Amino acid sequence: MPELAKAYEPQQVEDRLYAKWQDEGLFKANPKSGRPAYSIVMPPPNVTGKLHLGHVLNNTVQDILCRKARMEGKEVLWLPGTDHAGLATQTMVEKQIRQTEKKTRHDFTREEFIERVWQWKEEFGGIITSQLRKIGCSCDWSRERFTMDTDYERAVQEVFVKLHREGLIYRGKRMVNWCPASLTAISDEEVIPQKQKGFLYHVRYELVETPGQFLEVATTRPETIMADVALAVKPGGKWAHLVGKKAWRPLHREQIPIIADEAVEEGFGTGVLKVTPAHDKVDYEIGKRHHLPVLDILTPNAKINDPGDHDAAELHGLDRFDARKRASELLSERGLLVKEESYENNVGFSERANVPIEPRLSEQWFLKYPNIPEALALVQKGHVKFYPEHWTKVYEHWLENIQDWCISRQIWWGHRVPVWYKDGEKEICQIESPGPGWEQDPDSLDTWFSSWLWAYETMRTEDGTRQKFYPTSALVTGPDIIFLWVARMLIAGLHFKPNGTKETEEKTLAANLAFKDVYYTGLIRDKQGRKMSKQLGNSPDPLDLIAQYGADGLRFGLVRIAPQGQDIRFDEKQIEEGRNFCNKLWNICRFRAMQGEIDSNAEPWKHPRTIFSNELLDRLHIVLQGESSVKQALDRYKFSEAANVLYDFVWNDFASRFVEAAKSDFAQADSPTRAGTLATFDYVMSHVLRLLHPFAPFVTEELWGNLGFSTLSIQAALWPTQSPRPKDGSSRAQEIYTSADLGRQLRGEVKLPSNQRVPFYLVPSSLITKDHPLTDEQNAVLAAFLNATTIEILDQAPANPGPKAFTPLGDLYLPATGLVDPTVERDRLTKELAKTEKDLEQTRRKLGDANMLAKAPPAKVEEWRALEISLTEKEKSLRAALEKLG
RNA sequence: GCGCGGUUAGCUCAGUGGUAGAGCACUACAUUGACACUGUAGGGGUCACAGGUUCAAACCCUGUAUCGCGCACCA
């Protein structure tokens, strides 16, 4: 057996083991396998992305699920890949070209530019997947997919053609969210509302029929006044008498009608609304209702486009925000600005470019979502389960208020819209060019229009992968993409039925669910609770953390603080704890290795055992099968709970108690229980390593091999689900542990230095019957825990008793003389007496309440009675001791 | 405005009706043959607030405050 290093050194282990796993093909999924399938598709990270803590958490959770499933004997497919991230990638490559060659995308042909993006992807696109390997992800890299793979691209276009044929995809001129920085439309889901400080400008519009009279309008956007085509007031409201009259538009002066429309709220602003159909969604609707013209005065990059010789001509060509300022100055100069009021409102920002979006009328492709009622029913009927469950409300709300999806983007990098035009009128939707003279639509598709096929399109192979592994078992993702991805993947499964139709509706559904369980991770925030972002620089690089604490430390630390459905406040201390835990585990095993060969098939049941072995086996049973077992926790996707159960078991039950007790046994070569203790040690260690493997794959694999449990990977070992409970009870072990705690407290309270070894005296309580006195072995263990020279068993209290602890075993005394300062001792006793009296009072109050006695369960009442007796006894004894001290 | 989630020790958080918990941080002691990435002990809490249900409430109900998130509105 190789000698283990004094501390676990992850750097020596991780890369070597990962390479070995890869070489042995342990992560490869075999669709021909007879084992039950378990599958997860990885939410594809952005190909331009770099690993951040969110990825670490998300992928660690997936890895836990997959490694556990493998150990349960399932055939596991964890399918990795990356997303072409149309706009983000295009922007990044454009930036690079601008910096290195001082060129823009328009200096290239579309084909040339796309070629450059591919070059970039070949060079840098593998960064994030190599980083995922560093954290130990057990995905099947031989099946890695990219949303721009040839097959995948074709599938996306096929889907477009199909939906077009079904009339669900259509082209239309509509108000869309326009990003003036990226020069493309984006979907509603990619618009992030943000609070903006600005002004509400109160502007006077002169009435045409009654010069000198004005109508006051409040607006946040005076730069769009030139596009006003009407003023609207509330029907039947206080301005109703003006309906049908006209007002002078104050910039680019012209007459515009005054109309009445229900959209106007009298309580807001001045109760008069300027109607600018080209630049506001509500106004556009009003315009349609009243057959008003649409005057567009903004260029695609949001500069004023209102040329010609008019009174606001100087605004032409200005950026929208400069124009806003200048417009207000112009109005002010003309005496038409009543006031500028400070104002905060919500403005939609483009998620990608982080600039305010412009509502803009443009020709775009839209998808009318199919299968909405079915998608709702999926979740409501429990075919798909969300963890935590409360996200179902969000899902339902979105589906119930769903709008058509704007799927076209004015970008080059992505899946091109498979529609062809000729002579400006003929239009054909098909993948290949219909022939000479036909031109393809220049738009590309929203990246999410490709990712919504991810769950099954990635499994399109000849070898039966999809039949074996689709529907997938679980999806692990963030709640921020419930709409963008989760809901749409479910809809895609429902509509395209990738696994075909079966004889019944129920079976068709079951075969075509994208996934059965969805686990939403929390968002990782910094110590102050802020979102992590590049701008703030508050996001630690996971690779730095791995270098410092090891991948297992990072994984375990993160999972342990990530309760289901809660955001996580990240603190590096927590990763340190993860590392420390790995080291603890390492050292337990190291200690065991020092005691001789390990029996990989140890059966503690065959040997005589100490009560301490039994106690540990009992605790293991609870960890495996109890109400708060690892299994219970993982079945409910409570990863942090499972990690904490293991943490507690390993650190406290195993290391602090069992190992310490075992030392007494190992100290004597001819101990009758030595073999049993070793077997218990090996047996529990084997279980612990296996249980921890999904959480901390490297250290467990390394120990598994080094200790000689098997020459095979620990991943080939069985996931433990049960372990018998020792028949002979272990209450004595608990009594000793508790007594040891109390005795140590006593030592602390009288300020004995922890290295000072002293004798103790024990007067066993009557409950420790004469039939079960403390054995020599038990005595030795207790003495070791207490750092006692001896524990002398007495029939009655010593004539001159020292400080005393009340323990389950009886009264435990320190020697009376020499050790303790009487003042310190008096303080200690007084304090303990006060606490005892308080507890006693509380208990007596309960027992004195007839109502309570009558209605509480008898078992509880018994507990209280027993408590009262022992507290009374303790109180009496404390008083006596105090009296003696004088 | 609607919905969701939170408010428990200095910090991060467990805790689904029966004497308030863990880790970290802090303090003291300890370098004893697994581990200083350690061990032992200690101090530290009106469980946000107010009502209600109950024999009994951190926990269940109602309301309030406050923080965060989402949706809608956004002249």
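Every value quoted in this text rests on a predicted model; they were computed, and no experiment measured them. Convention: sequence-line order gives letters A, B, ...; per-chain numbering from 1.
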Distance (rounded to the nearest 0.5 Å) between A/F760 CZ and A/T789 OG1: 9.0 Å

Sugar-phosphate only, base, or nothing, as touched by A/E641 at under 4.0 Å among non-hydrogen atoms: nothing

Six-ring centre of A/F591, A/K663 cation under 6.0 angstrom, axis tolerance 45°: yes

Sugar-phosphate, base or nothing in reach of A/D280, heavy atoms under 4.0 Å: sugar-phosphate

Stacked cation flag A/R636 on A/Y387, 6.0 angstrom / 45 deg: no

Residue-phosphate contact under 4.0 Å: A/K573 side-chain N/O, B/C11 OP1/OP2: no

Touch class at under 4.0 angstrom, heavy-atom based, for A/E660 against every strand present: base

Touch class at under 4.0 angstrom, heavy-atom based, for A/A5 against every strand present: nothing

Sugar-phosphate only, base, or nothing, as touched by A/R579 at under 4.0 Å among non-hydrogen atoms: base

Any donor-acceptor N/O pair under 3.5 Å between B/A34 base and A/K663 side chain: yes

B/C4 base / A/K393 side chain donor-acceptor hit below 3.5 Å: no

Sugar-phosphate, base or nothing in reach of A/V282, heavy atoms under 4.0 Å: sugar-phosphate

Sugar-phosphate, base or nothing in reach of A/W398, heavy atoms under 4.0 Å: nothing

Touch class at under 4.0 angstrom, heavy-atom based, for A/L867 against every strand present: base

Of the listed nucleotides B/C29, B/G23, B/A75, the one nearest the side chain of A/P753: B/C29

Complement of B/U27, any strand, by Watson-Crick or G-U distances under 3.5 angstrom: B/A41

hbond_proxy A/E216 side chain to B/A75 base (donor-acceptor, 3.5 Å cutoff): no

Touch class at under 4.0 angstrom, heavy-atom based, for A/K831 against every strand present: sugar-phosphate

B/C13 pairs with, by Watson-Crick or G-U criteria that keep both distances under 3.5 Å: B/G21

Touch class at under 4.0 angstrom, heavy-atom based, for A/P857 against every strand present: base

Between B/U8 and B/A50 - P atom distance, rounded Å: 16 Å

Given RNA chain B, 5'-ward residue of the pair A/E577 and A/D849, judged by closest heavy atom: A/E577

Check: B/G39 base within 3.5 Å donor-acceptor of A/S754 side chain: yes

B/G42 versus B/C4 - spacing of their P atoms, nearest Å: 44 Å

Axial cation check for A/F214 ring with A/R204, 6.0 Å and 45° limits: yes

Pairing partner (Watson-Crick or G-U wobble, both distances under 3.5 angstrom) of B/C2: B/G70

Interatomic distance at P, B/U27 relative to B/G15, whole Å: 31 Å

Sugar-phosphate, base or nothing in reach of A/N580, heavy atoms under 4.0 Å: base

Heavy atoms from other residues, nucleotides or ligands near CD of A/Q380 exceed 12 (cutoff 6.0 Å): yes

Position toward the 5' end of RNA chain B (nearest nucleotide), A/V264 or A/E9: A/E9

Whole-Å C1' distance, B/G45 and B/G5: 24 Å

Touch class at under 4.0 angstrom, heavy-atom based, for A/D839 against every strand present: base

Touch class at under 4.0 angstrom, heavy-atom based, for A/A655 against every strand present: base

